Structure formats: structure tokens, C-alpha cells
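Below is one structure, written out as C-alpha cells; comments come after it.
In what follows, every heavy atom counts, from backbone to side chain, and hydrogens, waters and symmetry copies are set aside. What you see is a predicted model, and the numbers here were worked out from it, not measured in a lab.
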Amino acid sequence: QVQLVESGGGLVQAGGSLRLSCAASGRTLSSLAMGWFRQAPGKEREFVTSTNWSGGSTYYADSVKGRFTLSRDNAKNTVYLQMNSLKPEDTAVYYCAARPATISRSTILSYDYWGQGTQVTVSS
């Protein structure tokens with residue numbers, strides 16, 4: 001069983017930055033592909049970014065490409081999502097997800113483990 005705990009959310013003005021963290025326990029992070037998803041009020045959960053087990057391949061949704069950066073520190077069992085140039089449309093609950101595989105995916109059903117989510121609110 002894998003437990004994921006997100007942190008780092010909050011309220012920020014448009015153009016600002018936040019860094020989210022996702023701490024994993026119960027399994028070595030290097031055995032997991034990781035992803036971030038988000039869900040805005042009244043909308044479906046959507047893919048944001050993902051990385052394979054080593055961090056060698058990372059993928060981004062077009063809406064965040066060039067602004068968000070996903071990184072992982074397997075030694076600390078933690079993944080990070082650096083979010084820059086935030087926009088009001090980035091407002092959502094952000095979820096960390098893990099799948100026991102080497103390759104990451106962009107689909108929700110591909111992930112077996114989820115964190116509780118952290119709220120990100122971007123004011124205009």
C-alpha cells in the first residue's frame with residue numbers, strides 16, 4: 001500500500017508561484033511512476049503532468065507546458081510540482097498519484113494510489 005500526502009497549496013496572485021510536494025510512503029518512490037492531476041469546481045479531474053520511475057521522461061498538459069515543472073527526489077521519496085506564472089484558471093485541487101510501474105500515463109484510471117489533494121487558488 002502506498003500513502004501519498006500533498007502539501008504546499010495556498011492562495012497566490014496571478015503571475016505568482018507555488019511549489020507543491022508529494023511525500024510517498026509504504027513503497028520506494030523509485031518503483032513508482034508519478035503524476036499530478038487537478039480538479040476545478042464543477043469540472044472533471046484532468047491530467048497536469050507525469051514522470052516515469054527515474055524522472056527521465058516527463059510529460060505536461062499543454063495548458064501548463066512551460067510554466068510547471070515536475071521533479072522527483074527518490075532519495076527523499078518526494079515529488080515536487082513547481083508552478084510559475086500562475087493563472088486564475090489554474091485554480092483547483094491538485095492531486096498526486098502513483099502507479100507501480102516504470103512508465104507514467106496521463107489517464108486517471110492508470111493510477112492506483114491518490115493523495116487527499118491540496119487546494120491551489122489563484123486570484124486575479
Inset, instruction - Applying side-chain contact (heavy atoms from CB on, under 4.5 Å), name anything that partners T91, two or more places apart in sequence or on another chain. - result: Q119, T121, V122
Legend entry - Sequence neighbours excluded, every pair satisfying salt bridge (charged side-chain N to carboxylate O under 4.0 Å, His left out) that has a member inside residues 40-57: R38-E46
Inset, instruction - Would you mind listing every disulfide bond (SG atoms under 2.5 Å apart) that reaches into residues 41-82, with sequence neighbours excluded? - result: none
Inset, instruction - Please identify each residue that fulfils side-chain contact (heavy atoms from CB on, under 4.5 Å) with S25, with sequence neighbours left out. - result: Q3
Legend entry - hydrophobic_cluster_shared for W53 and L32, side chain cutoff 4.5 Å: no
Inset, instruction - Could you note down all residue pairs passing ring pair (Phe, Tyr, Trp, His ring centres under 6.0 Å) where residues 8-39 supplies at least one of them, sequence neighbours left out? - result: F37-F47, F37-Y111, F37-W114
Inset, instruction - Please list all pairs passing the disulfide bond (SG atoms under 2.5 Å apart) test where one or both residues lie in residues 76-117, with sequence neighbours left out. - result: C22-C96
Inset, instruction - For Y95, enumerate each residue passing the ring-ring contact (aromatic ring centres under 6.0 Å, His included) test, keeping only those at least two apart in sequence or located in another chain. - result: none
Inset, instruction - Name all residues meeting the side-chain contact (heavy atoms from CB on, under 4.5 Å) criterion together with T69; count only those two or more places apart in sequence or in a different chain, and write none if there are none. - result: Y60, Q82
Which pairs would a plain distance check flag for residues 102-109, meaning a side-chain donor or acceptor within less than 3.5 Å of a matching protein atom at least two apart in sequence or in another chain?
residue: S104; atom: OG; partner: S50; partner atom: OG; Å: 2.9
residue: T107; atom: OG1; partner: S110; partner atom: OG; Å: 2.4

Legend entry - Within residues 51-68 or reaching into it, pairs that qualify as salt bridge (charged side-chain N to carboxylate O under 4.0 Å, His left out) - sequence neighbours excluded: D62-K65, R67-D90
Enumerate donor-acceptor pairs with a distance under 3.5 Å from any side-chain N or O in residues 8-20 to protein atoms, sequence neighbours excluded.
residue: S17; atom: OG; partner: N84; partner atom: OD1; Å: 2.9

Legend entry - For S31, side-chain hydrogen bond (donor to acceptor under 3.5 Å, both in side chains) partners two or more places apart: R27
